[in-house]
Structure formats: structure tokens, C-alpha cells
2 protein chains.
Amino acid sequence: MKEDDIHTEKISYKGKDFYCSLAFALHLIGDKYKSLIIYHLKDGPMRSGELQKSITDISNRMFTYSIRALENDNLVERKVYPVTPPRVEYALTGIGKSLVPIILELNKWGQDFAGEHHLYAPGE
Amino acid sequence: MKEDDIHTEKISYKGKDFYCSLAFALHLIGDKYKSLIIYHLKDGPMRSGELQKSITDISNRMFTYSIRALENDNLVERKVYPVTPPRVEYALTGIGKSLVPIILELNKWGQDFAGEHHLYAPGE
DNA sequence: CCGCATCCAGCATGATACTG
DNA sequence: CAGTATCATGCTGGATGCGG
């Protein structure tokens with residue numbers, strides 16, 4: 001069995017089936033926001049509001065939805081401090097951290113693409 | 001400027017603004033299907049129908065939408081042979097090919113995750 | 001004041017049927 | 001065979017409100 005072969009085996013996870021590990025991985029992090037959340041947590045835990053604000057153009061609804069999904073998939077850990085005002089922190093788990101290098105490469109790829117196509121806004 | 005810093009510069013592309021290169025990269029390939037399409041093209045050109053069939057659970061509508069987007073972003077090349085019945089082939093461009101290693105890593109990550117959690121369907 | 005659940009309108013998606 | 005049109009449906013964003 002080649003490591004690269006996408007058709008290795010079928011994966012079942014929480015009642016859903018995936019025909020390859022890439023489809024499975026994309027189910028876990030392949031949407032508009034989850035990777036961004038993981039990226040912004042790469043340097044350590046962040047407060048909920050701080051994290052949400054760091055991600056431009058995410059609605060409160062999608063932030064809650066995405067962070068819950070990441071939590072349920074064990075990529076992110078949620079820690080609640082019973083204080084007033086409430087304080088909630090999120091941090092990457094071990095598995096979550098293992099994604100950071102891949103996300104960094106994707107980030108780098110985006111930089112290169114933007115650089116080659118001269119997409120950086122002038123004067124910024 | 002650190003290479004890793006997500007807040008390097010703002011990117012403008014086809015009338016849309018992105019606050020970091022990762023958000024830009026995710027705009028290009030960060031959805032459920034685009035990465036899968038690129039993956040399946042990694043070994044060379046494929047016919048349209050063949051490519052679509054290789055991706056389980058994609059609707060015709062989303063296949064067309066996704067492949068058009070990849071084409072417009074210069075990640076995939078479309079080649080039409082004027083024969084009857086029509087023959088259309090898709091192939092990765094240079095930039096598209098540069099994404100393959102990253103996608104392979106993500107695939108590998110999904111394999112590892114699934115392996116650790118014993119998600120592979122038995123008897124498969 | 002912080003975190004987040006709920007509500008509704010608008011948009012994107014899937015299934016099907018159809019054209020060249 | 002490749003791709004488009006249409007419609008019903010489900011999801012998403014933004015506003016609002018509630019509990020701690």
C-alpha cells in the first residue's frame with residue numbers, strides 16, 4: 001500500500017463515511033475558518049473574544065460553530081474560568097499542533113502566489 | 001518581516017481583499033472539493049467525467065463550479081478536443097502542481113489521525 | 001462587560017432534467 | 001460526453017437578547 005495513495009481505506013467517523021483520508025482531513029479542517037482559527041492559536045492559548053477579533057470577517061455564529069467543531073474533534077481545547085466577567089480560553093491540542101506546519105506551508109504558498117501575481121496592496 | 005507572520009500585507013485579488021496570505025490561500029483552495037480535484041489530477045491530465053467520478057459525493061453543479069474557479073485562478077488548465085462526443089481534459093498548471101506536496105501532507109495527516117483513532121472501516 | 005444562543009432573511013448547494 | 005437551468009432546501013451572516 002503506497003502511503004500516497006488516496007484510496008487506501010474507507011474511514012468512518014461519527015457516523016459519516018469518507019472514501020479517502022484527504023476527504024476526511026478536509027472534513028476536519030477544510031473550510032473557510034477552521035484553519036485560520038488553528039493558525040491564530042499557534043503561539044499559545046487565546047481568549048475567546050481576542051481570538052474571534054483576530055479573524056477578520058467571521059460572524060459570531062460561525063466562530064462558535066467552528067470552534068465547537070474543532071473542540072469536538074479534539075483539535076482545540078476549551079478552558080473556562082468562572083470569573084466575572086467570564087473568561088474563556090482556547091488552546092491547540094497535540095493533534096491540533098501537528099497541523100500547524102502544514103498550515104504554515106499553505107500560508108507560505110499563498111504569499112508566493114500573491115507575490116508572483118503582484119497582489120499585495122500598495123502602500124500597506 | 002517574519003516569513004511566518006500572517007499579518008504581513010493585505011492582498012487584493014479580483015476585487016476581493018484578504019487580510020492575510022492564509023485567508024487568500026484558503027479562498028483559492030480551501031473548500032470541500034478544490035483540494036480533492038487537485039489531488040486527483042496529481043498524476044496527469046484527466047477527462048472531465050473521469051475526474052468527476054473519481055471524487056465521490058460531488059454534485060455536477062459543484063464540480064463545474066469548482067473546476068471553473070480553479071481554472072480562473074490558473075491552478076488548472078482546460079483543454080477541449082473538438083470531437084464528437086466532446087472530449088475535455090483538465091491538468092494542473094505549474095502553480096497547481098506546487099500545491100500537491102502540501103495536499104499530500106494533509107492526506108498523510110488524515111491517515112495518521114484516522115489510524116490513531118482506529119477509524120478505518122474493518123474488512124476494507 | 002463577556003460569551004454565546006436564537007431568529008430570520010438571503011445566499012449557496014444538491015438533485016434532476018435538459019441542451020449542444 | 002460535457003456542461004447548463006431550475007427549484008427546493010439547508011446553511012450562513014448580522015442583529016438581538018440573555019445569563020453570569
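This structure is a prediction, so every number in the text was calculated from the model and none was measured. Every chain is numbered from 1, with letters handed out A, B, ... down the list of sequences.
For C:dG3, neither phosphate oxygen OP1 nor OP2 lies less than 4.0 angstrom from any side-chain nitrogen or oxygen of A:Tyr81. Side-chain N/O atoms of A:Arg87 include none lying less than 4.0 angstrom from OP1 or OP2 on C:dC2. For C:dC2, neither phosphate oxygen OP1 nor OP2 lies less than 4.0 angstrom from any side-chain nitrogen or oxygen of A:Ser48. Side-chain N/O atoms of B:Tyr65 include none lying less than 4.0 angstrom from OP1 or OP2 on C:dC11. Taking only side-chain nitrogens and oxygens, B:Arg78 never comes nearer than 4.0 Å to OP1 or OP2 of D:dA2.
Figure legend: A:Lys42 and A:Tyr39 shown as a cation-pi pair, the cationic atom lying under 6.0 angstrom from the six-membered ring centre and within 45 degrees of its axis.
Note: B:Phe24 and B:Tyr13 have perpendicular aromatic rings, judged against thresholds of 30 and 60 degrees for the angle between ring planes. The aromatic rings of B:Trp109 and B:Phe113 sit tilted relative to each other, their planes meeting at an angle between 30° and 60°.
What separates CZ of B:Phe63 from P of D:dA5 is a distance of 17 Å, to the nearest Å.
Across all strands shown, B:Thr64 has heavy atoms under 4.0 Å from base atoms, whether or not it also approaches the sugar-phosphate.
When distances are taken from the side chain of A:Pro85 to each of D:dG3, D:dG20, C:dA15, the shortest belongs to D:dG20. Listed candidates were C:dC4, D:dG3, D:dT12. Nearest to the side chain of A:Arg61 is D:dT12. When distances are taken from the side chain of B:Tyr90 to each of D:dG3, C:dG20, C:dA5, the shortest belongs to D:dG3. Across C:dG14, D:dG14, D:dG3, the shortest atom-to-atom separation from the side chain of B:Ser59 is found for C:dG14. Nearest nucleotide to the side chain of B:Val88, out of D:dG20, D:dG3, D:dC1: D:dG3.
Counting heavy atoms from C-beta outward, A:Val100 and A:Leu41 have side chains that stay 4.5 Å or more apart.
Ranked by how close their nearest DNA chain C nucleotide is to the 5' end, B:Pro86 and B:Tyr33 are led by B:Tyr33.
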